[in-house]
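There's a structure below that I have some questions on.
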Amino acid sequence: MPDYSPTPADRAPLPRDARAAPHLGYRDDELTRPFAGYFRPEVAPVQDHVAEVLLGGMAPTEHGYEAQDAPARMSRPGYDPVETGWTRMPSGTTFIACLTPMPGVTAGMWDWWFGWHGSDPARYKLWHPEAHRLAAWGEDRSGLPGLTDRQRYQDNVSYVDEYLGGLPQRLAIRFVDPTRFGFTDSPGTTHICARVGYSHLPVLAGWLVHQVRPTDDGAEMRSRFFLGHPEVIDVPAHAVSTPQGKLLRTPPVRTAANLVIPHLGKLLIPASLGRDLLHHCAAEMNHLAGFLPRLHEEFRGTP
């Protein structure tokens, strides 16, 4: 697994929108957005296979694996023993998997979405109307001409505020080039890979992978989360929002923290997070997939 190196987007000042007071739903000014007709106040139900897993409880530990194994495991044809479920590894990693069939959707639509949604909280709320409250880019590249969809989000930071399991979370999703993660390009397939951390603290807490590959009737998303093994990274004080975060990123405190917190993974990751994140991922991906083809067709040419 490659080390994560901070990018210019990490070192940029925390965007003003990331400091705003977040809220659920659309207010009057958001209802004027050209895409507001796609907003639904309630999220679509999770798919049946997810509901069954959520009732069944945690998967056996032996079915989980670590982030560095994801490229080899996910590049094989077919499916893993657990495509939807969660477990906690002896290493301290919480492993989550979620399979979302998406009729009528393509991998390219998801590359477009990840490059498009982060420049406006109202776009982000389309994805999960009952949980998403705020989103802002470390570098807003929406107005830059000539960029591909992937160039808009890779090596960029998405600062988001959302609910997970009923608790508000301030997160920083640091997208990376999947080839640096170990994936290779494949026709009709995309991999969205990111280092997951916090916006109020300079702390990394896991990895995520969303593989979108073609099926006979559209596509399917295979999502993986690997949470644990926290790390404090070197970013400027203006890139974090709290006094505690600013203190934590100073060299002596950062060095001391990185000697201690890797051993606290199980304490920092609540036991309920695996189930909560599985439900959240299953809900948001299924909800957006229901109208993503129409949204993409209408807005793919807009910054």
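Index from 1, following the sequence.
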| query | Could you go step by step and tell me if Asp185 and Arg150 meet the salt bridge (Lys or Arg N to Asp or Glu O under 4.0 Å) rule? | reply | CA-CA 13 Å; Asp185 282 333; Arg150 293 180 182 180; 3.5 Å; yes
| Where is the tightest heavy-atom contact between Tyr159 and Ala9, given as atom of each residue plus distance? | OH-O, 4.2 Å
| Pick one: which of Asp234, Val235, Leu247 meets side chain to side chain contact (heavy atoms under 4.5 Å, CB included) with Arg254? | Asp234
| query | Got more than 12 heavy atoms from elsewhere within 6.0 Å of CZ, Phe183? | reply | yes
| request: Determine, for Lys125 against Glu30, whether the closest basic-nitrogen to carboxylate-oxygen distance falls under 4.0 angstrom. | output: yes
| task | Check whether any side-chain heavy atom of His132 lies under 4.5 Å from a side-chain heavy atom of Glu284, and answer yes or no. | result | yes
Name each donor-acceptor pair under 3.5 Å that joins a side chain in residues 45-59 to protein atoms two or more places apart or in another chain, with its distance.
unit_1	atom_1	unit_2	atom_2	d
Gln47	NE2	Pro101	O	3.1
Gln47	NE2	Asn286	OD1	2.9
His49	NE2	Leu99	O	2.7

| remark: In terms of heavy-atom contacts, His117 and Ser158 come closest through NE2-OG, 4.4 Å
| field | Shared hydrophobic cluster, Tyr163 / Val160 (ILVMFWY, side-chain heavy atoms < 4.5 Å) | value | no
| task | Hey, could you give me the CZ/OG distance between Arg170 and Ser199, rounded to the nearest 0.5 Å? | result | 6.0 Å
| query | Side chains of Pro129 and His287: closer than 4.5 Å at any heavy-atom pair? | reply | yes
| said: Regarding Asp155 and Arg141, does a basic nitrogen lie under 4.0 Å from an acidic carboxylate oxygen? | reply: no
| field | Path from Val253 to Val232 over hydrophobic side-chain contacts below 4.5 Å | value | yes
| Taking C-beta and beyond as the side chain, do Arg152 and Phe175 meet within less than 4.5 Å on heavy atoms? | no
| salt bridge (Lys or Arg N to Asp or Glu O under 4.0 Å) evaluation trace for Arg195 with Glu231 | CA-CA 11 Å; Arg195 197 74 162 97; Glu231 173 190 356; 3.3 Å; yes
| query | So do Met285 and Met102 actually touch side chain to side chain, heavy atoms under 4.5 Å? | reply | yes
Which donor-acceptor pairs under 3.5 Å do side chains of residues 73-82 form with protein atoms, sequence neighbours excluded?
unit_1	atom_1	unit_2	atom_2	d
Ser75	OG	Pro71	O	2.6
Tyr79	OH	Glu220	OE1	3.0
Tyr79	OH	Glu220	OE2	3.2
Asp80	OD2	Tyr65	OH	3.1
Asp80	OD2	Arg224	NH2	3.3

| request: Taking all heavy atoms of Pro230 and all of Val203, pick out the closest pair and write down the distance. | output: CB-CG1, 4.3 Å
| query | Would you call Glu66 and Met89 a side-chain contact if the rule is heavy atoms closer than 4.5 Å? | reply | yes
| How about Arg11 and Thr7: does a side-chain donor come under 3.5 Å of a side-chain acceptor? | no
| request: Please report the closest heavy-atom contact between Leu31 and Ala36, naming both atoms and the distance. | output: O-CB, 3.5 Å
| said: Could you report the tightest heavy-atom contact between Ala239 and Ala12, atom names first, then the distance? | reply: CB-O, 3.7 Å
| field | Flag for His200-Ser241: side-chain donor and acceptor within less than 3.5 Å | value | no
| message | If I take atom CD from residue Gln154 and atom OG1 from residue Thr179, how far apart are they, to the nearest 0.5 angstrom? | response | 7.5 Å
| Trp116 pairs by ring-ring contact (aromatic ring centres under 6.0 Å, His included) with which of Tyr153, Phe35, Trp137, Tyr124? | Phe35
| request: Starting at OG1 of Thr94, measure out to CZ of Phe225 and round the result to the nearest 0.5 Å. | output: 12.5 Å
| request: Using atom types as modelled and distance alone, determine if a side-chain donor or acceptor of Arg40 lies under 3.5 Å from a backbone N or O of Gly37. | output: yes
| task | Please check if Leu288 and Leu164 belong to a single hydrophobic cluster, counting links between Ile, Leu, Val, Met, Phe, Trp and Tyr side chain heavy atoms closer than 4.5 Å. | result | yes
| Is Arg133 salt-bridged to Asp161, going by a charged N under 4.0 Å from an acidic O? | yes
| Side-chain heavy atoms of Pro8 within contact of Glu139, under 4.5 Å | yes
| Candidate pair Asp149 and Phe114, rule side-chain contact (heavy atoms from CB on, under 4.5 Å), full reasoning | CA-CA 8 Å; Asp149 293 329; Phe114 274 94; over 6 Å; no
| request: Could you pull out the closest heavy-atom pair between Thr189 and Pro214, with the gap in Å? | output: OG1-CD, 3.4 Å
| message | Assess the residue pair Ser91 and His229 against the criterion (side-chain contact (heavy atoms from CB on, under 4.5 Å)); give the C-alpha distance rounded to whole Å, side-chain angles, the decisive distance to 0.1 Å, and a yes or no. | response | CA-CA 9 Å; Ser91 64; His229 308 291; 3.9 Å; yes
| With side chains defined as the heavy atoms from C-beta onward, is the minimum distance between Leu277 and Leu227 less than 4.5 Å? | yes
| query | For Phe226, which of Phe181, Trp207, Trp86, Phe95 qualifies under ring-ring contact (aromatic ring centres under 6.0 Å, His included)? | reply | Phe95
| said: With clusters defined by side-chain heavy atoms of hydrophobic residues (ILVMFWY) lying less than 4.5 Å apart, directly or transitively, does Val43 cluster with Leu134? | reply: no
| query | How long is the gap from CD on Gln211 to SG on Cys193, to the nearest 0.5 Å? | reply | 9.5 Å
| said: Is there a side-chain contact (heavy atoms from CB on, under 4.5 Å) between Ile192 and Trp113? Walk through the geometry before answering. | reply: CA-CA 11 Å; Ile192 297 102; Trp113 169 257; over 6 Å; no
| Is there a side-chain contact between Ile233 and Arg174, using heavy atoms and a 4.5 Å cut-off? | yes
| Ile173/Val157 under side-chain contact (heavy atoms from CB on, under 4.5 Å): CA gap, chis, key distance, verdict | CA-CA 6 Å; Ile173 313 299; Val157 185; over 6 Å; no
Under 3.5 Å, sequence neighbours excluded: what are the donor-acceptor pairs made by side chains of residues 291-301?
unit_1	atom_1	unit_2	atom_2	d
Arg294	NH2	Gly290	O	3.4
Glu298	OE1	Tyr38	OH	2.7

| According to a 4.5 Å side-chain heavy-atom criterion applied to Ile, Leu, Val, Met, Phe, Trp and Tyr, with indirect links allowed, do Leu208 and Leu273 form part of one hydrophobic cluster? | yes
| NE2 on His280 to NE2 on His128, rounded to 0.5 Å | 5.0 Å
| remark: Here the gap from Thr190 atom OG1 to Asp111 atom CG, rounded to the nearest 0.5 Å, amounts to 3.5 Å
